[in-house]
Amino acid sequence: MYLALLVIFLQCSEICTQERVFTFNAVHIKVQPSVKVKNGAPMSIICHADISKSTDFNLQHNITVFKDEKLVFMSVSGKGDARYEVPMARSSHTGDYRCVVEANGKKRYSDSLHVWVTGMTKPILIAEKKEVFEGEVVKLRCELPEEVPPLHFIFRKMKMNSKPKEKLTYELQRNFSVIEFPIEEGDNILQFDCLGKRNVKFEFETSEPSNRTLITVKEPFIKPTLRIKPSSNITEGKEIQFECSTVVAKMRDIEIMLLRNKTILSSVRDQTTLKYSAVATLEDSGEYLCKVEEGKASKIATRNVVVTELFPKPVLTASMNKLDENKELTLSCSIKDFQNASFSILRRNSNGGILLRNSRNFTTRAKVNDTGLYICKAEVNRIVKESKPVMIQVYAPVSMPNISVFSGLPEVVLGKPLKLTCCLKMGTPPITFTFYKGNKAKKEIVTNNTCAVFLDEDIKQNDKGQYKCGARNHHSSGMKTSKILNITVIVPIRNISLGSVPYGEVEDGGETAFLCSVKEGSWPILFRIFRKTDRDVLLFERSEHADRVMWQKKEMSRQDTGTYYCIASNRANVSAKSHPITINVILASWQKGVITAFVLIPIAGVVILAVWWFWCKKKNAKGPSMEMSRSALATNSTSEKLSRQHDGDYYSGSGYIEDGENHMKSTDENKGPDLESAEVEYTEVEVSTLDPHRDSVENRHSRIQGHPDAT
C-alpha cells in the first residue's frame, strides 16, 4: 500500500514539474504618447514580456528599465507588463531606453528605443547691476533649469537702432554660464537676453529667449570740445592756440590729451581743460584730436587745421657736386620770388650741422675732408625752413696701385684659384679697379675701399702668369696701372713610378740601383724612398731639379729583403706615392758552392762507407773459398790493369798503380797458406769473362782507399 502511494506521489511531482515550463518569446518596449514628447507633457515607458508557459501558473518577473545604460526604473510583478511614468517630461529625459525582464534565472532584453523630448526650458537671465558707467562692464548669468549639460549659451546685447551683438559660450558640466559685456561710448539704454542650445542626434535644438534685462548707462564725462584760435586763415609765423575741455560726473583719474596725426602734443590729468599753443608752421597742418579717458571709457573730438605757407623752402645749389681737391667750390642759397630772408649755410653732421657762413653764398678751396652733406636755412618771422641736403664729393687722385698674391708667394698651384689683391696708398672712394691677365681685362670692381680682391679660377699650365691692375676714381687724373706681376704655375706631381736594377732578385752582397721618376711636376722635386716595415723606414731623401733620381744601395743583405716605394712632392704640397716593388735578396754563387760542398762531401763519405760496409759483409758471407777466388780474380785483374796502364789505354798516373800493388801485397800476406787451396777451388769456376761493372766498382774502391784522404 505504501509503495503504491509513493509511486502516485512521484508521478504527481513529475506532472507538476512539467506544468511549470516557460520560455521568453520576446520583450517589447514602447513610449506613450509617442517617441517625440513635448517638453512638460506626461510620458510613459511601457515594457511588455511575451512569455509561453506549459500551464497557467503564477510567474514572478523582475522588470528593469535603463536610459542610456543607466538604471531609471525597477519593478517586481507577476504580470508581464511594467510602466515607467514620467508626469512632466524634460529635455533631460531624452535618450535611448531599453528594458530587461528576468524570471527563474532566465533573462531577455528588449530592443533600444530613442525618445526625444522636444523643446527646452526657458532660460533665466540675471544681471549683476542695473546701472553702469561707460567703460565699465556688465556681468550676466544665464541659466537653463532642469536641462542637462553639455549646453550652448547665446548672450545678446541690444540697443536702439543697432544690430544686436552676440557672445557664445559652451558649458560641458554646468547648466548655466556667466560672461561680461563691456559698456562702450554711445551706449545709453541697453537690453540683454540669452538663449540655450543643445545637440540631439546631430541636430541642434534652441530654446526660446530668456527674460529681457534693462541696463541704464551713465556717462562719466561728456564728449570733449576742441577749440582753435584763430579758427581760419592761419599763416606760418602766427601763434595758434588749442583748448580741449569736458564736463565730468566725478573727478576720478580723468586724462585729457591733444594729438596731431597720432602724435601726442600735450596732456593733463585730473583736470577738465587742456590748453596748448605754438607758432604755426606748414608742418602743423593736419587733423587734431582731443581725447578724454577714464578707466576703460574714452571720448574724442577732432578738428582739421590748414596752415598757409609764408614762403617756400630754400634751395641750395653747388658749382660742382664732384670735383678734384684744391678746386674752387661755391654754394648758393635762394628762395623763389622771395628775397627778404636771413640765410645761413651749414655742413651737416651727427650733431645737426656746422655753421659755415650766415650768408646766401659760400666759396672755398675744396679738400678731401670737405666731402659731405650741405644744407642752407632761411628765416622769416621766426619761421625757419631748411633746404634739401646737397652731397659734395671731393676726390684725391689715386696713387700707383700695387698688385700682390693674397697668400704672399707669387705662385699658384695648377687647378687651384689664384687670389690677387690690388691696393692703393691714396685715393678717394669709390674706386674702380680693373684686373688684367696679359693684355686682356678680366674683371672690373667698384668699391668704397682702397683695396680690391680678384679671384682667377681659370689657371692653365701654359699660362705666362703676367698680371697687373689699374685704378681710377672721379678725379680728372684718370687711371693708374701697377707693375706686372709674374706668377709661377706649379704643376702637382703626377704619375710617379719606382724601378730597380736588378729587378726582383739580387745576390747577397750585390748592388741595387733604385730609380724614382715622375711624368709631371714642377721642379725642384723632393724624392724619398722607403722600405715597408711595421714603421716605414726612410732610406733616401734628395731634392732635385729633375724629374727623376737614382739611388744605389751597396752590399745588399738578407735583411734588405722587402717592399720598397717612393714618394715625391713639390711646392704644390701634394705628395704622390708610387706602386710598391718587392726586392728578394738571394745567396751569392760562392755561398751556394760552399753550401754544396758542405752538403755533398758528407753525403759522399756516407756513400763510400755504405759501399765498403756492404763489400765487407759480402766478403765475410762467402768464406775462405770465395776469398781465394776473389784473390785470384783480383790478381788477374790487377795484372790486367797494370798491363793496360802500361799500354796507356784507360788509367794513368803512378799513384793508382802503387795503390794496387800495396793492396795486393797486403791481401796476399793476410791470406797466407790458404792461397793455394783458394786457387784450386778457383780453377773449377769459369772466369773467362769479367763483369765490367763489378770491375769498375772494385777499381774505384781501390782508388778511394789509395787516396791520401781515404782514411
Side-chain angles (χ1 to χ4, degrees), residues 37-41 87-94 116-200 203-224 246-255 291-300:
V37 183
K38 190 175 181 180
N39 195 303
M88 188 177 292
R90 296 297 182 192
S91 59
S92 59
H93 292 111
T94 298
W116 186 356
V117 179
T118 61
M120 298 177 67
T121 57
K122 184 177 180 179
I124 301 172
L125 180 67
I126 300 173
E128 187 181 45
K129 296 178 182 179
K130 296 295 183 180
E131 290 184 351
V132 292
F133 282 99
E134 288 181 1
E136 293 183 344
V137 294
V138 59
K139 196 172 185 178
L140 302 173
R141 184 181 190 272
C142 184
E143 182 179 357
L144 286 166
E146 301 180 8
E147 297 293 342
V148 178
L151 295 167
H152 295 266
F153 291 89
I154 303 171
F155 292 84
R156 298 190 297 183
K157 172 187 174 183
M158 295 166 286
K159 64 180 180 179
M160 295 292 293
N161 302 322
S162 180
K163 184 179 179 180
K165 292 184 179 180
E166 294 184 349
K167 279 191 175 184
L168 279 70
T169 62
Y170 181 62
E171 297 289 344
L172 281 171
Q173 299 176 348
R174 304 188 303 184
N175 66 346
F176 67 91
S177 182
V178 178
I179 67 162
E180 291 181 346
F181 260 105
I183 304 302
E184 301 168 347
E185 181 184 358
D187 292 345
N188 41 29
I189 299 175
L190 301 175
Q191 287 185 329
F192 294 90
D193 68 359
C194 67
L195 299 92
K197 292 177 70 175
R198 63 171 180 159
N199 191 346
V200 181
E203 292 185 28
F204 274 103
E205 188 174 21
T206 305
S207 72
E208 61 179 307
S210 69
N211 56 298
R212 288 196 175 185
T213 300
L214 185 67
I215 303 294
T216 302
V217 180
K218 296 181 179 180
E219 287 185 309
F221 49 86
I222 66 172
K223 185 176 180 179
T246 185
V247 177
V248 299
K250 185 177 181 180
M251 187 66 69
R252 184 182 60 185
D253 296 331
I254 291 287
E255 187 174 13
K291 188 173 186 180
V292 182
E293 290 183 349
E294 180 188 338
K296 296 181 181 179
S298 67
K299 294 184 179 183
I300 61 172

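When reading the values below, keep in mind they use all heavy atoms of this one structure, side chains included, and skip hydrogens, waters and symmetry mates.
- For the pair Lys159 and Glu184, the salt-bridge criterion is not met [side-chain N within less than 4.0 Å of a carboxylate O].
- Of all non-hydrogen atoms in Leu144 and Gly196, the two that sit nearest each other are CD1-CA, 3.7 Å.
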Could you walk me through whether Phe181 and Phe192 pass ring-ring contact (aromatic ring centres under 6.0 Å, His included), step by step? CA-CA 10 Å; Phe181 260 105; Phe192 294 90; 5.4 Å; yes
Please determine whether side chain to side chain contact (heavy atoms under 4.5 Å, CB included) holds for the pair Arg141 and Ile124, giving the CA-CA distance in whole Å, both sets of side-chain angles, and the decisive distance to 0.1 Å. CA-CA 8 Å; Arg141 184 181 190 272; Ile124 301 172; over 6 Å; no
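- Interatomic distance, NZ of Lys38 versus OG1 of Thr118, reported as 7.5 Å (0.5 Å rounding).
- Minimum heavy-atom separation, Val117 to Thr94: N-OG1, 2.9 Å.
- Here the closest heavy-atom approach between residue Cys142 and residue Phe153 is recorded as O-CE2, 3.5 Å.
- Thr121 contributes atom OG1, which lies 9.0 Å from atom CD of Glu143 (distance to the nearest 0.5 angstrom).
- A heavy-atom distance below 4.5 Å is not found between the side chains of Ile189 and Met160.
- With rounding to the nearest 0.5 Å, the separation of CG in Asp187 from OG1 in Thr216 is 12.0 Å.
- Between the Lys157 side chain and the Ile183 main chain, no donor and acceptor come within less than 3.5 Å of each other.
- With sequence neighbours excluded, no residue satisfies salt bridge (Lys or Arg N to Asp or Glu O under 4.0 Å) with Glu136.
- One N or O on the side chain of Ser210 and one on the backbone of Cys194 form a donor-acceptor pair closer than 3.5 Å.
- Taking each heavy atom of Glu171 and Pro149 in turn, the nearest pair found is O-CB, 4.1 Å.
- When every heavy atom of Thr206 is checked against every heavy atom of Met120, the shortest pair comes out as C-SD, 4.2 Å.
- Relative ring orientation between Phe204 and His152 is described as perpendicular, the plane-to-plane angle rising above 60° on a 0-90° scale split at 30° and 60°.
- The shortest non-hydrogen separation linking Ile215 to Ala127 is CD1-CB, 3.8 Å.
- Shown here is Lys130, whose NZ atom has more than 12 heavy atoms of other residues, nucleotides or ligands within 6.0 Å.
- Distance check: Asp253 CG to Glu294 CD gives 7.0 Å after rounding to the nearest 0.5 Å.
- Atom CD in Glu205 sits 8.0 Å away from atom CG in Asn39 (nearest 0.5 Å).
- The structure places CZ of Arg156 at 11.0 Å from CG of Leu125, a figure rounded to the nearest 0.5 Å.
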